[in-house]
Number of protein chains: 2
Amino acid sequence: MAIKLSTAEERRPLVIAAAITAFARTGYRGTTVADVAAEARISSAYVFKLFPSKEQLFVGALDACYDRVVESLGHGVEHATNPTPDGILDSMGGAYAELIADRDLLMLQVHAQSAVEVPEIGAALRRGYRRVTEFASTRSGATDAAVQRFIAFGQLCHLVATLGIDDSSEAWAATLAAGIRHPDFTAAAPGSAAGSSTGGNAA
Amino acid sequence: MAIKLSTAEERRPLVIAAAITAFARTGYRGTTVADVAAEARISSAYVFKLFPSKEQLFVGALDACYDRVVESLGHGVEHATNPTPDGILDSMGGAYAELIADRDLLMLQVHAQSAVEVPEIGAALRRGYRRVTEFASTRSGATDAAVQRFIAFGQLCHLVATLGIDDSSEAWAATLAAGIRHPDFTAAAPGSAAGSSTGGNAA
DNA sequence: ACCATGAGTGAGTGTACAGTCACTCATATG
DNA sequence: CATATGAGTGACTGTACACTCACTCATGGT
């Protein structure tokens, strides 16, 4: 494949996108560079020309993941209908829920968490959560407790999606998944569907 | 090692304990059966006599992990000073925070989450969360929303420990870790130290 | 004393994977 | 045309790992 030649600088982000998909599927250790290469429709030898190591490739994918998460939170701020701190946080939650509906960005974060012991990956993960937390805090103006709860319910959201219990009929699963939107939402309104998706209705 | 002969039935739980430690360190794919064997001070060949496969060994470790989690929640119920649903949930949170102070049981769950795509592991993980959720719900009598928040803050607790930001001085880290106890707590009172460790002070 | 049982191991086997290297060939420019 | 540049690959290497097998030997029963 790759009939048309492109420059390395053009190709790199495409490989990152392929890496996100591949690593999201089977994690850092469970995914081979050949898997990523196949997803990107290039040879694995060329992946190593574009990235120095599997580790750096994963870090690149994770950084790109958080770029998109922060961007998504920004959209949440812009489309907030209720301009109070909690309203903004809620809108951010809605935007985030929409972003991770395809599960790749979500699973990548879960898998990254399981690879923290790799120093570069641990650092990238802390960098990502730092960006998200600071962005949520400064752009919403909410209290630390509200921001903490925002992240806590984000983590719950990751758990529910990982377990695949979004639409289970079992009672325990329904308890955990309550208010967390199904992936098959109507893609229309970014801000409106937010509701209580990531923790509005606690207390 | 293993100078003294023991029966396979006696040895198996020891190997499970070693597996918890080893898998907690580097995850399902990052840990070799030889690592577990070394931790248990036996040969890897014998590990395969005691367990049919690496996968089943991991599942055994995960099941044992949730045995201990549920047992710990039970202690929380028994030592609750405030017998209201929220008081019991809070005491469960304290007991859980104490249990996972050594991080092995916590990291095993994180790593299990990253191995959900292995069918048997995914099933074991769902089984575990089912047990925990149902136990917390029925034994506390709390509302579904309170139970959901309990689990959400448990997940936040996992994140904080995974990132190793328990006692970071950075502001974003302090926001996430607020109220989550340091590992170096005073081991005396199981129930009393609970406080707001896993989500008492939200709202 | 003898043997049956089962605990425990050393030395493999086959395979999969990260990373390398020598190479091909498409394009651009003089 | 000639040749330089860089995109892209096939074939390889060395190593690590899940799992197997043939074996040793300690113990308890008769």
Side-chain angles (χ1 to χ4, degrees), chain A residues 1-19 21-62 111-112 114-115 117-121, chain B residues 1-19 21-62 111-112 114-115 117-121:
Chain A
M1 299 305 162
I3 305 129
K4 187 186 157 200
L5 286 186
S6 45
T7 71
E9 277 61 39
E10 275 170 359
R11 181 76 71 182
R12 233 180 296 261
L14 299 179
V15 176
I16 290 276
T21 302
F23 282 126
R25 211 141 44 208
T26 40
Y28 177 57
R29 314 241 191 199
T31 306
T32 71
V33 173
D35 291 337
V36 176
E39 185 73 33
R41 312 283 205 168
I42 61 176
S43 70
S44 39
Y46 194 37
V47 173
F48 283 106
K49 287 243 167 118
L50 297 172
F51 296 89
S53 66
K54 182 185 178 183
E55 186 180 319
Q56 285 307 309
L57 175 58
F58 188 87
V59 168
L62 194 56
H111 286 132
S114 177
E117 77 274 357
V118 180
E120 298 278 323
I121 295 178
Chain B
M1 299 303 164
I3 306 127
K4 189 185 156 201
L5 284 188
S6 46
T7 69
E9 277 61 40
E10 274 170 358
R11 182 74 71 182
R12 232 180 297 262
L14 298 179
V15 176
I16 289 276
T21 301
F23 281 127
R25 212 141 42 207
T26 41
Y28 176 59
R29 314 242 190 196
T31 305
T32 70
V33 173
D35 291 337
V36 176
E39 185 74 32
R41 314 281 205 168
I42 60 177
S43 70
S44 39
Y46 193 37
V47 173
F48 282 105
K49 287 245 166 116
L50 296 172
F51 297 89
S53 66
K54 182 186 177 182
E55 185 180 320
Q56 285 306 310
L57 175 59
F58 188 88
V59 168
L62 194 55
H111 286 132
S114 176
E117 76 273 358
V118 179
E120 298 277 322
I121 295 178

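- Residues from residues 44-53 of chain B with heavy atoms under 4.0 angstrom of DNA chain D, sorted by number: B/A45, B/F48, B/K49, B/S53.
- With a 4.5 Å cut-off on side-chain heavy atoms, A/E120 and A/Q56 count as touching.
- Between A/R29 and C/dC17 there is no side-chain polar atom (N or O) within less than 4.0 angstrom of OP1 or OP2.
- A/F58 places its CZ atom 16 Å from the C1' atom of C/dA18, with the value rounded to the nearest Å.
- Using a 4.5 Å heavy-atom cutoff, the side chains of B/E39 and B/F23 are not in contact.
- Between C/dG8 and B/R11, a contact under 4.0 Å exists linking OP1 or OP2 to a side-chain N or O.
- Note: CG (B/D35) to C1' (D/dC17) measures 10 Å, nearest angstrom.
- Two residues, B/A8 and A/T31, neighbour DNA chain C, and the one matched to the more 5' nucleotide by heavy-atom proximity is B/A8.
- Contact record, A/A8 with A/L50: CB-CD2, 3.7 Å, taken as the closest heavy-atom pair.
- Base contact: B/S43 has a heavy atom under 4.0 Å from a base atom.
- Counting only distance, with no hydrogens or angles, the side chain of B/R11 and the backbone of B/S6 share no donor-acceptor pair below 3.5 Å.
- Between the CD atom of B/Q56 and the C1' atom of D/dC19 there is a distance of 15 Å, given to the nearest Å.
- In the set D/dA18, C/dA7, C/dA18, D/dA18 carries the atom at the smallest distance from any side-chain atom of B/K54.
- The shortest side-chain heavy-atom distance between B/D35 and B/R25 does not fall under the 4.5 Å cut-off.
- In this structure, B/T31 and B/F58 have side chains that are not in contact, with every pair of non-hydrogen atoms separated by 4.5 Å or more.
- One interatomic measurement links the two molecules: CD1 of B/I42 to C1' of C/dG10, which rounds to 15 Å at whole-angstrom precision.
- Shown here for B/S114 and A/S114, the closest heavy-atom pair between the two residues is CB-CB, 3.3 Å.
- Residues A/Y46 and A/V15 are not in side-chain contact: their nearest non-hydrogen atoms beyond the backbone lie 4.5 Å or more apart.
- Annotation: the terminal axes of the helix from C/dA1-D/dT30 to C/dG30-D/dC1 meet at 10°, where each axis is the rotation carrying the C1' atoms of four end pairs onto the next four (5 pairs per end, rounded to 10°).
- Summarising the geometry, the separation between CZ on B/F23 and C1' on D/dC17 is reported as 13 Å, rounded to the nearest angstrom.
- Residue A/V118 comes nearest to A/R29 through the heavy atom pair CG2-NH2, 4.0 Å, listed as atom of the first residue, atom of the second, then distance.
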